[in-house]
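One structure below.
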Number of protein chains: 2
Amino acid sequence: MASVKDVARHAGVSVATVSRVLNDSVPVLPGTRDRVLAAVAELGYRPNAVARSLRTDATRTIGLVIGDILNPFFTELARAVEDQARALGYSVVIGNADERPDRQDHYVGTLLERRVDGLLLCPTAEVTPLVRDMVRDGRPLVFLDRTLPGLDVPAVRVDGGAAIAELVRHLCALGHRRVAFITGPALLSTGRERTEAFTAAMRAHGLPVRPEYLEAGDFQAASGRAGAARLLDLPEPPDAIFVGDNLMALGALDEIRARGLRIPADVALACYDDLPWFTHLDPPVTAVAQPVRELGRRAVRVLAERMEGRPVSSVVLPARLVVRRSCGERDGGVPA
Amino acid sequence: MASVKDVARHAGVSVATVSRVLNDSVPVLPGTRDRVLAAVAELGYRPNAVARSLRTDATRTIGLVIGDILNPFFTELARAVEDQARALGYSVVIGNADERPDRQDHYVGTLLERRVDGLLLCPTAEVTPLVRDMVRDGRPLVFLDRTLPGLDVPAVRVDGGAAIAELVRHLCALGHRRVAFITGPALLSTGRERTEAFTAAMRAHGLPVRPEYLEAGDFQAASGRAGAARLLDLPEPPDAIFVGDNLMALGALDEIRARGLRIPADVALACYDDLPWFTHLDPPVTAVAQPVRELGRRAVRVLAERMEGRPVSSVVLPARLVVRRSCGERDGGVPA
DNA sequence: TTGTATGCGTTATCAT
DNA sequence: ATGATAACGCATACAA
């Protein structure tokens with residue numbers, strides 16, 4: 001590939017001048033400028049970003065480490081991050097950690113070696129030494145969607161507390177009393193928070209939270225199915241199941257269908273996370289919707305400020321309840 | 001950040017020796033080796049991939065330019081590509097072209113500047129000059145999912161012809177005669193091929209392909225809805241609608257629901273592309289399933305061979321029909 | 001086996 | 001306004 005040298009020779013100027021017109025850092029005589037541009041066009045020259053990064057110590061790249069791009073929540077999040085990053089002139093490299101600390105560290109490691117300017121991390125349960133080092137070294141790091149305790153890192157996330165409280169009230173109003181919750185991993189801040197919000201809301205309504213109505217899942221479809229199966233096998237099964245994320249809801253739906261149970265007649269269903277397809281399920285699923293695109297946008301902005309050395313603080317966005325028909329609503333309630 | 005120099009000083013050796021143990025290119029005395037490794041650990045040294053790339057002229061990175069990561073087909077494709085790439089020691093940088101040639105070129109351009117070792121491209125309609133240049137310059141390029149005519153570039157894609165023929169036969173057997181098709185863009189090879197396969201299969205069964213039953217869509221949800229609307233407004237509406245991709249199917253479903261029509265009693269529905277959620281729709285949707293993960297895997301492998309300078313050829317994978325209940329099947333047919 | 005020195009392509013400093 | 005040149009961090013050819 002052609003380099004600055006080739007362009008310089010072609011235009012009859014020095015490499016310095018080529019660099020100057022390309023970055024228009026310093027004024028250049030219009031005539032020379034044109035000659036350089038002509039040479040660039042003729043040679044199809046493309047600046048080598050690798051060399052530039054080495055020299056400038058900046059890659060205009062940010063890393064994004066998420067759980068799994070196949071999870072629609074993360075898909076949308078990744079897309080939002082990418083859009084905002086592009087708007088700010090950054091590329092983004094994505095890593096799918098699959099909720100495994102070792103794989104998270106694999107990606108954080110390679111991203112560090114690639115000298116990304118900043119990192120957006122949806123942390124897995126544990127605080128790995130690598131993450132701790134990053135914090136110690138003061139590298140631009142922002143937690144996304146989740147937080148890790150005891151670390152001074154800005155986080156951009158959603159607080160679903162109010163929406164969950166509203167959902168519980170909604171379920172009560174519809175006459176449900178035996179409400180179960182399929183939780184996310186207690187090791188994840190999102191898992192914990194949703195569970196706490198649920199139990200608090202239940203108590204606030206004078207409803208008991210029976211231990212057997214709290215099924216521990218792991219945000220994966222299989223655990224949703226298993227959890228639903230155990231709940232439905234109970235001597236006194238719940239009359240409503242609230243599922244902690246969309247993947248587990250898919251699994252719970254599988255199980256409910258497999259048993260020939262009807263929603264909401266036999267059991268009501270609600271989901272934390274909303275999806276376009278929920279409108280088309282039978283019945284349409286009542287869900288807690290997170291402001292995913294806003295989440296991604298804000299995360300990039302916070303990281304950008306952090307990379308520019310400005311002080312930043314965490315961001316918390318509210319979720320909202322989307323009422324449909326899967327909980328026994330009479331007429332579909334508020335249109336989605 | 002610590003560099004080789006720091007490690008060398010710390011271990012009391014030369015930078016060359018550090019480089020040697022890190023890449024174990026040349027045998028190094030066990031003692032020195034240990035000292036180097038100790039220094040690396042102590043300093044938390046991470047090799048600078050940027051500098052390495054500049055020196056070796058390789059980034060161990062491939063670019064992937066797709067239509068839109070929000071399309072579940074591309075989501076799964078991206079994930080498959082990423083997995084296979086990681087297995088081969090490559091990172092992948094993704095770009096969402098949104099089916100726009102200008103945005104495709106934006107990504108191809110930045111990926112070129114970042115000196116990716118190879119590029120996987122789901123080309124938009126037009127052959128842009130940039131793509132033509134890449135081919136001319138002999139850069140490792142593989143077309144994914146789609147092809148572009150008149151270019152000597154290996155392609156890894158799916159042939160849905162047989163599955164579409166099977167679907168048409170299936171529809172006929174179920175008594176459907178007025179079958180409509182909401183097509184993809186004629187400018188996309190995938191759009192054209194599906195349309196051709198459909199019309200050929202219809203003719204083979206002695207069924208007329210009325211022009212008004214061929215609705216032109218663009219693989220986006222809105223066009224699916226609009227197409228379905230026009231079809232259902234026809235004096236003699238179709239008794240079955242085959243939709244060219246999953247996003248347009250979502251749109252078509254919206255329209256059918258909005259009109260209060262029932263599937264398959266009022267109109268049968270089938271979709272090119274299969275999704276996990278299709279099982280849970282009412283009724284479950286009969287679909288043509290593409291071997292997406294295999295598609296991604298093979299694409300990376302072909303590209304890898306191409307990057308290693310070996311001769312490669314195109315790959316075509318077959319799709320298959322998944323019969324469910326949305327076409328009036330009696331008992332759900334073959335379980336999905 | 002190990003060290004010294006060069007160059008990858010770029011930007012930036014210092015002359016001119 | 002422009003040119004010569006050093007330096008970024010690393011891998012490697014060559015020397016020892």
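Using modelled atom types and a 3.5 Å distance limit, the side chains of A/N96 and B/E82 yield a donor-acceptor pair. Side-chain contact of A/Q104 with A/T124: a donor-acceptor pair under 3.5 Å is present, judged by distance alone. Looking at B/T61 and B/R114, their side chains never bring a donor and an acceptor atom within 3.5 Å of each other. Side-chain contact of A/N23 with A/S19: a donor-acceptor pair under 3.5 Å is present, judged by distance alone.
With a 6.0 Å radius and a threshold of 12 heavy atoms from other residues, nucleotides or ligands, B/D57 has its CG atom at or below the threshold.
Side-chain contact between B/R52 and B/P47 is present, with heavy atoms from C-beta onward closer than 4.5 Å. Side-chain contact between A/L64 and A/L144 is present, with heavy atoms from C-beta onward closer than 4.5 Å. Side chains of B/R20 and B/R33 form no contact here, defined as non-hydrogen atoms less than 4.5 Å apart.
If you take CG of A/L112 and C1' of D/dG9, they are 16 Å apart, rounded to a whole angstrom.
Here the nucleotide nearest the side chain of A/R20, chosen from C/dT10, D/dT2, C/dC8, is D/dT2.
Residues from residues 23-40 of chain A that place a heavy atom under 4.0 Å from any atom of DNA chain C, listed by number: A/N23. Contacts of residues 4-19 of chain A with DNA chain C (heavy atom under 4.0 Å): A/V4, A/K5, A/A16, A/S19.
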